[in-house]
S.K.: 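Have a look at this one before I ask anything.
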Amino acid sequence: MAGYLVRRLLESALAVWGVVTIVFFVTRVLGDPAALLLPIGASAEQIEALRDNLGLNQPLFVQYLQFLGQVVQGDFGTSFQHGRPALEVVMERMPATALLAGSAMVLGILIGAVAGAIAALKRGSLAELVVMAIALLGQATPVFWLGIMLILYFGVNLGWLPTGGYGTFAHLVLPAITLAVFVSASIARLLRSSMLDILREDYIRTARAKGLMPHTVFVWHIARNALIPVTTMTAILAGELLGGSVVTETVFSWPGVGRLILQAIQAKDFPVIQAGVFVVASLFVLINFVVDLLYGVLDPRIRAER
Amino acid sequence: MAPPLLEIRNLTVAFDTPAGRVHAVNDLSYTLNEGETLGVVGESGSGKSVHVLAMLGLLPSPPAKILSGEVLFQGRDLLKLPEAQLRELRGGQIGMVFQDPMSSLNPVLTVGRQLREVIERHSDLRGAKAEARATELLDLVGIPNPGARLKQYPHEFSGGMRQRVMIAIGLSCNPKLLIADEATTALDVTVQAQILDLVRDLKDRLGTTVIWITHDMGVVAELADTIQVMYGGRIMERGPVRAVFRQPHSAYTWGLLRSLPDEGARAQRRLYQIPGAPPDMANPPAGDPFAPRNPYATDRCRTEVPPLRPASPVPGHMVAAWYDLPARLAAEAAHG
Ligand SMILES: Nc1ncnc2c1ncn2[C@@H]1O[C@H](COP(=O)(O)OP(=O)(O)OP(=O)(O)O)[C@@H](O)[C@H]1O
Ligand SMILES: [Mg+2]
């Protein structure tokens, strides 16, 4: 087990390093930030001076080594736009992203779990048909379109909720619902198909042959086994949302990490792009790591292999 | 005489499959007296498992459909019993051991938990007492070091050991009726002998009634009072084990007995080599389902289903056949 942990931690570090490296080189392809940072009409000398200042005139490989040296000290450089440490700029946006992702996950899991379980247990009923149709629709609907429709209806037409921004609970409702639709649809469909598979298992027949109460069979034999695939799906979704849902955050002017990175790309703000991607990649890797550990807890067969 | 513990009347079960309606059990009727042990044999697909699953309400529906019949257990029709009352019987008064030990236990719960679950469901034992009973049961079915084994998961048990756990679950509440479906097939001969001893002991002490489904004629000979030979979802022959073994009246029984390997080749005695294949139950033959494979079949066999009728002077010895097997065999012997 200890060996397994060390191996997984090394793998995680390697993954983050890989992502950060790729992003470093890709951002350099984006073009020259110096021209963008200076007012229109700045002279060639001024631009050259700024490039020197930002360290952009050194050979790429030297820049990369310097960058890595700083990163291990937790320094991603100073944001070109904000003039403050890039990591600080990114971390300021984390609470907003975490709040939106967390609310959407909780809401999505609750609705998705109930809907998926009903669809599986009421096999062949109207309820199953309705749930599955809505879920399919929910998964297929583009997030930006759903977001805009919600804004138009609840924000503009009815005027019940703000059309965008951040600060109060009312601001959270529409973006959270927008994301929760996708989350709950994904979870409902997966849970239904997992449960239908499990219902056919011999051990469910054993449980019923023991005369166990329906709720015991459901909780300890059906749901307990369905938890394993659903956990994977939840982790994937959580990783995506914590990376900042760029589209939703943009549509609702939500000041999260996704929107920040998008703006940084437009402004060629290299340090913020790099810090942002580093944070997102680290979170993603961390979630995967936690899920792997969780697997061991949920499935004794996997625990035995480690 | 006391009323029978179990009486099945005209049970018909079908599956609606894409290939059409498969009649797995056809107009099946039999009675089982208290304390009796019934050995049910027949080739794969003869409806052995389906008929017991149907009477306990354990068939998946759809695709399964119980088209007709009554299953009277202590006078109550199990097929009409509300699910809540059926639940009280399942695992309590009626213990069930399934075939497929590898997949019949929940992989994510400890074996101890899966045993305690049924004990606590049907008795007043809780906590340490339920644990003690679970330990006792594992010990009873011959699992060494039962205390430690309770804390383990199914994947830590071999196939034979899992089968014993299944048997322990089936026996956990001292059932009045024990139904065992291929319960010892996965076990080697010594362990099988232990389990059979255990069941015999249980019968002696508690008067347990047993339905033992098997491919193994040897086990039937050792354990059962009555043998019931099934084919195509019907009873072909039924009667006291000795009478049927001495003088079978169905060509199917005769085929099964003839395909028994000699004593000494016990290791592979699970084989039936009757020429031909079991019927396609989506399009069953018109008359006697065994007629297409039966060298003694008459024209009537191919058109009309034979009813179960007394076969010999031995009480309870019944056969479903239009031909007279002993006479035909005797004639064959006389003509060389
Ligand atoms: N879930 C199902 N769906 C469709 N057909 C089924 C299903 N379960 C059983 N059957 C059919 O019912 C018939 C009887 O099956 P059953 O399981 O009772 O046979 P069996 O005598 O127990 O055989 P075995 O010795 O292989 O266990 C077979 O033709 C089988 O194909
Ligand atoms: Mg079977």
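Throughout, protein chains are lettered first and strands after them, A, B, ... in sequence-line order, and every chain is numbered starting at 1.
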S.K.: Looking at A/Tyr4, I'd like to know if its OH atom is crowded, meaning that more than 12 non-hydrogen atoms belonging to other residues, nucleotides or ligands lie closer than 6.0 Å.
M.R.: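 Atom OH in A/Tyr4 is packed in, count exceeds 12.
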S.K.: If you measure from CG on B/Leu79 to CE on B/Met55, what distance do you get to the nearest 0.5 Å?
M.R.: 9.5 Å
S.K.: Would B/Arg149 count as a cation-pi partner of B/Phe157, with NZ or CZ less than 6.0 Å from the six-membered ring centre and within 45° of the ring normal?
M.R.: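 Cation-pi check for B/Arg149 and B/Phe157: passes.
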S.K.: Under 4.5 Å, counting heavy-atom pairs only, tell me which of A/Asn225, A/Leu298, A/Asp299, A/Ile228 racks up the most with chain B.
M.R.: A/Asn225
S.K.: Rounded to the nearest 0.5 Å, how far apart are CG of B/Leu5 and CD of B/Gln74?
M.R.: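 Spacing of CG (B/Leu5) from CD (B/Gln74) equals 5.5 Å.
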S.K.: Name the region of B/Glu156, side chain, backbone, both or neither, that has any atom closer than 4.5 Å to a heavy atom of chain A.
M.R.: neither
S.K.: Answer with side chain, backbone, both or neither: which region of B/Pro107 has an atom nearer than 4.5 Å to a non-hydrogen atom of chain A?
M.R.: both
S.K.: Kindly indicate, with the supporting measurements, whether the criterion side chain to side chain donor-acceptor pair (under 3.5 Å) is fulfilled by B/Glu117 and B/His122.
M.R.: CA-CA 9 Å; B/Glu117 215 173 37; B/His122 297 286; over 6 Å; no
S.K.: Select, from A/Arg224, A/Arg123, A/Arg208, the one with the greatest count of heavy-atom pairs under 4.5 Å involving chain B.
M.R.: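 Most heavy-atom pairs within the cutoff with chain B belong to A/Arg208.
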S.K.: Are any of the side-chain heavy atoms of B/Met230 and B/Glu43 separated by less than 4.5 Å?
M.R.: no
S.K.: Sort by residue number and list every residue of residues 130-137 of chain B having at least one heavy atom under 4.5 Å from chain A.
M.R.: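 Expected list: none.
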S.K.: Do the side chains of A/Ile261 and A/Val246 get nearer than 4.5 Å, heavy atoms only?
M.R.: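 A side-chain contact under 4.5 Å is absent here.
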S.K.: Where on B/Leu56 is there a heavy atom nearer than 4.5 Å to chain A: the side chain, the backbone, both, or neither?
M.R.: neither
S.K.: Heavy-atom pairs under 4.5 Å with chain A: which of B/Leu86, B/Thr110, B/Leu105 has the most?
M.R.: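 Winner by heavy-atom pair count: B/Leu105.
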S.K.: Is there a salt bridge (Lys or Arg N to Asp or Glu O under 4.0 Å) between A/Lys210 and B/Glu120? Walk through the geometry before answering.
M.R.: CA-CA 11 Å; A/Lys210 292 199 282 192; B/Glu120 293 181 359; over 6 Å; no
S.K.: I need the residue from B/Val118, B/Ile94, B/Leu58 with the largest number of non-hydrogen atom pairs under 4.5 Å to chain A.
M.R.: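 Highest number of heavy-atom pairs under 4.5 Å: B/Leu58.
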S.K.: With a 4.5 Å heavy-atom cut-off (strictly below), which parts of residues 192-206 of chain A touch chain B? List them by number.
M.R.: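 Interface residues of residues 192-206 of chain A: A/Asp202, A/Tyr203, A/Arg205, A/Thr206.
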S.K.: Sort out for me which of B/Leu53, B/Ile169, B/Leu109 touches chain A most, counting heavy-atom pairs under 4.5 Å.
M.R.: B/Leu109
S.K.: Look only at the side chain of A/Arg303 and the backbone of A/Gly296, and say whether a donor-acceptor pair between them is shorter than 3.5 Å.
M.R.: yes
S.K.: Check each atom of B/Met166 against the heavy atoms of chain A and say whether the ones under 4.5 Å are side chain, backbone, both or neither.
M.R.: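 For B/Met166, the contact with chain A is made by the side chain alone.
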S.K.: Just checking, any donor-acceptor pair under 3.5 angstrom between side chains of B/Thr214 and B/Glu182?
M.R.: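 Judged by distance alone, the side chains do not pair up.
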S.K.: Is it the case that atom CG in B/Asn145 sees more than 12 heavy atoms from other parts of the structure closer than 6.0 Å?
M.R.: yes
S.K.: Give a yes or no on whether the backbone of A/Gly211 and the side-chain of B/Arg87 come within a donor-acceptor separation of less than 3.5 Å.
M.R.: no
S.K.: Between B/Lys48 and B/Asp181, is there a salt bridge with N-O shorter than 4.0 Å?
M.R.: no
S.K.: Is B/Arg113 positioned over the aromatic face of A/Trp220, cation under 6.0 angstrom from the ring centre and no more than 45 degrees off axis?
M.R.: yes
